[in-house]
Every structure is written in structure tokens, then in C-alpha cells.
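Residue numbers run from 1 in the order of the sequence given.
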Amino acid sequence: MDRPRESGIERLRSGILEMIRELGLSFGDRLPTEKEMVERFQVSRPTLREALKLLEQDAIIDVHQGKGRFLAAGALLTIARPITRFESVSQMVASHGYTAETRLLGFTTVPADAETAPRLAVPEGTPLVRVERLRSSGGQPLVYSIDWLPKALVEGTEATPDWSGSLVALLAGAGRGPVASTAMVRAVTLPPEAARLHGLEEFGPALLIEEVCYAADGTRVIYAMDYHRGSAFSFSFVRK
């Protein structure tokens, strides 16, 4: 399986989308000038134009000769935080307007088995850290998560890593921060044992995002199963 890599142009494309969100631009609004964006992102004009070309191909921006670049109709869906955007669960929860509290349900070292080993491209028996967490807001459970990551990636980073915090940030501190992922999405219910053990019988239908996260060099760094409470979240899709 090919490992996804995020090029400098793709990162700049993501940066421009983030700028659009920060500036609160909407359909028909004009983007900052090339000069302003070159200074903002500290890149050359040819590099900037390559990233802008990607956004034009995705129908996110329109180019009006002699007038500038403007947000197209496609931007309305793209800026609505589609499910295809890579971000941590904490970022996603915050983007939906929740102030999340994270409860660490448990963490342990386990050997990679027939299911997790191929997901992380490691031999069976490789030591993995299994982290189980629950994100809630105002006492309402929102996301039940199980993550596996190779133990070798975090050895020597901290005496005792904060497993209740962001795994993305933890791995970034080790030089292995994830930048992209591949994912499968399906509608499910929580595993009965997890629902019973953690008092989540009223969680209801869930949207399971099963995800493999990659560092910039293509290394697989996290295998995640995130159960999003169906009544609390919605995601947008772009269809072309």
C-alpha cells in the first residue's frame, strides 16, 4: 500500500484554507493579494501559485483576470470542516463548538496482533501502547476512542507521557507528528463490553472513523478507532 505524503505545496494549500477560515471569507469574497500571501506564508510566488492552482482545480477559488482570486461555490463545502480534513479528535470536537474534557480510561502495552500489526506495518508481537479515552462536554459523552501506537516512537520522549492529552502533539514532540491519514467510516453501536464497563449504554448510534495516521516520512504512527456520538456530530462531504 502506498503511503500518503503531504508535500510542501499541499501544506501551503492547507495553510491558505486555514487563512480563509481565520479571515471569515465566504463565497464571492476576494482573497488577499499574491504579495500579501507571499509575505504571510514566507514562500516564493511560483510556490504560492502552485498551491492556488490546486485550490482552483478543486473549485474552491475562481480567478478573475485583472481582478484577483475569489472564493468559489466549492469553498462553502470545503470550509465546513469536511470529514476528509486531517485533524486530531480534540480539534474536531472543538470545531463543533464543544469544550471537551478528556477522561483517560486506561493505557497499557500490548503486543501487535493479527489486526493491529498490518495497520501499523509492524511485525506481530511488536510492543504497542493501547490508549483508551472518552471525550465529553458538560457531562455528555461525545467520542469514545481507542488508539494504538508503536511504543518505540515515544520511548525517551517523556518519563511519563500524558496519555490523556493529544497523541498528535506527543508524537510531534518526538519528530513523528502525523500529517495525513487514511480512514474508513461506518455507522455502528459501541462495543457492548465498552458500553457496559464505562457506563455508556445511552451513547446511542455512533459514527466510527477507523483511521491509520502517517508521519511526513510515510511512517504509520497511530491506528485509531474513534466512535463519534451520532446525535452530537455531523460531517460534510464534497462530491464532484
_Is there a side chain to side chain contact (heavy atoms under 4.5 Å, CB included) between Leu167 and Arg133? Walk through the geometry before answering._
CA-CA 11 Å; Leu167 298 185; Arg133 294 174 295 176; 3.5 Å; yes
*Just do the side chain to side chain contact (heavy atoms under 4.5 Å, CB included) check on Trp163 and Leu170 with the steps written out, would you?*
CA-CA 9 Å; Trp163 297 115; Leu170 177 65; 3.6 Å; yes
*Under the side chain to side chain contact (heavy atoms under 4.5 Å, CB included) rule, what do Arg220 and Arg119 come out as? Steps first, then yes or no, please.*
CA-CA 8 Å; Arg220 302 182 189 195; Arg119 301 294 200 285; 5.5 Å; no
*Applying side chain to side chain contact (heavy atoms under 4.5 Å, CB included), run through Met19 and Phe41 and close with a yes or a no.*
CA-CA 10 Å; Met19 175 195 71; Phe41 297 109; 4.1 Å; yes
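The neighbour count for Glu201 CD, taken as heavy atoms of other residues, nucleotides or ligands under 6.0 Å away, is above 12. Taking a 6.0 Å sphere around CD of Glu193, one finds it holds 12 or fewer heavy atoms contributed by other residues, nucleotides or ligands.
Between Arg103 and Glu101 there is no salt bridge, since none of the side-chain N atoms of the basic residue sits less than 4.0 Å from a carboxylate O of the acidic one. Salt bridge absent: Arg40 and Glu36 never bring a charged side-chain N and a carboxylate O closer than 4.0 Å. Salt bridge absent: Glu56 and Arg69 never bring a charged side-chain N and a carboxylate O closer than 4.0 Å. Taking the charged nitrogens against the carboxylate oxygens, Glu50 and Arg13 have no contact shorter than 4.0 Å, which rules out a salt bridge.
Checked by atom type and distance alone, the side chain of His64 never pairs as donor or acceptor with a backbone atom of Asp62 at under 3.5 Å. Checking side-chain atoms of Arg176 against main-chain N and O of Ala172 turns up no donor-acceptor pair under 3.5 Å. Formation of a donor-acceptor pair under 3.5 Å by the Ser166 side chain with backbone atoms of Ala169 is found in this model. At distances below 3.5 Å, not a single donor-acceptor pair connects side-chain atoms of His228 with backbone N or O atoms of Val143. Judged by distance alone, with hydrogens and angles left aside, the side-chain atoms of Arg49 form no donor-acceptor pair with the main-chain N or O of Ser44 at under 3.5 Å. A donor-acceptor contact shorter than 3.5 Å links the side chain of Arg30 to the backbone of Lys67.
Taking the side chain as every heavy atom from C-beta outward, Arg130 and Phe107 never approach each other to under 4.5 Å. Leu71 has its side chain within reach of Ile20: a pair of non-hydrogen atoms, C-beta onward, lies under 4.5 Å apart. Inter-residue side-chain proximity for Val221 and Val212 is flagged as unmet; no heavy-atom pair is nearer than 4.5 Å. A heavy-atom distance below 4.5 Å is found between the side chains of Ile16 and Leu55. At a threshold of 4.5 Å between non-hydrogen side-chain atoms, the residues Leu52 and Met37 count as touching. Counting heavy atoms from C-beta on, the side chains of Glu124 and Pro111 never come closer than 4.5 Å. Between Thr102 and Leu134, every side-chain heavy-atom pair lies at or beyond the 4.5 Å cut-off. With a 4.5 Å cut-off on side-chain heavy atoms, Leu128 and Leu149 do not count as touching.
Taking CG of Leu153 as the reference point, atom OG1 of Thr219 lies at 7.5 Å (rounded to 0.5 Å). The CD atom of Glu132 lies 11.0 Å from the OG1 atom of Thr108; values are rounded to the nearest 0.5 Å. One distance of note links CE of Met225 with CD of Glu210; it measures 4.5 Å at 0.5 Å rounding. Atom CG in Leu54 sits 9.0 Å away from atom CD1 in Ile60 (nearest 0.5 Å). Summarising the geometry, atom OG belonging to Ser136 is positioned 6.0 Å from atom CG belonging to Leu142; distances are rounded to the nearest 0.5 Å.
Both Leu200 and Leu208 are members of a single hydrophobic cluster when ILVMFWY side chains are connected at heavy-atom separations under 4.5 Å. Both Leu25 and Leu12 are members of a single hydrophobic cluster when ILVMFWY side chains are connected at heavy-atom separations under 4.5 Å. Linking ILVMFWY side-chain heavy atoms closer than 4.5 Å, directly or via other members, places Leu190 and Leu197 in two distinct hydrophobic clusters. At a threshold of 4.5 Å between side-chain heavy atoms, the hydrophobic network of Ile, Leu, Val, Met, Phe, Trp and Tyr places Leu120 and Ile146 in one connected group. Ile61 is not connected to Phe70 by any chain of hydrophobic side-chain contacts under 4.5 Å among Ile, Leu, Val, Met, Phe, Trp and Tyr, and they are in different clusters.
In plain terms, the two heavy atoms of Ser181 and Tyr214 that are nearest each other are CA-CD1, 4.1 Å. Leu104 approaches Ser164 most closely through the heavy-atom pair CB-CB, 4.1 Å. Residue Ala112 comes nearest to Val122 through the heavy atom pair CB-CG2, 4.0 Å, listed as atom of the first residue, atom of the second, then distance.
In this structure, Arg229 is positioned above the aromatic face of Phe203, its NZ or CZ under 6.0 Å from the six-membered ring centre and within 45° of the axis.
The aromatic rings of Trp148 and Tyr223 sit parallel, their planes meeting at an angle under 30°, below the 60° perpendicular limit.
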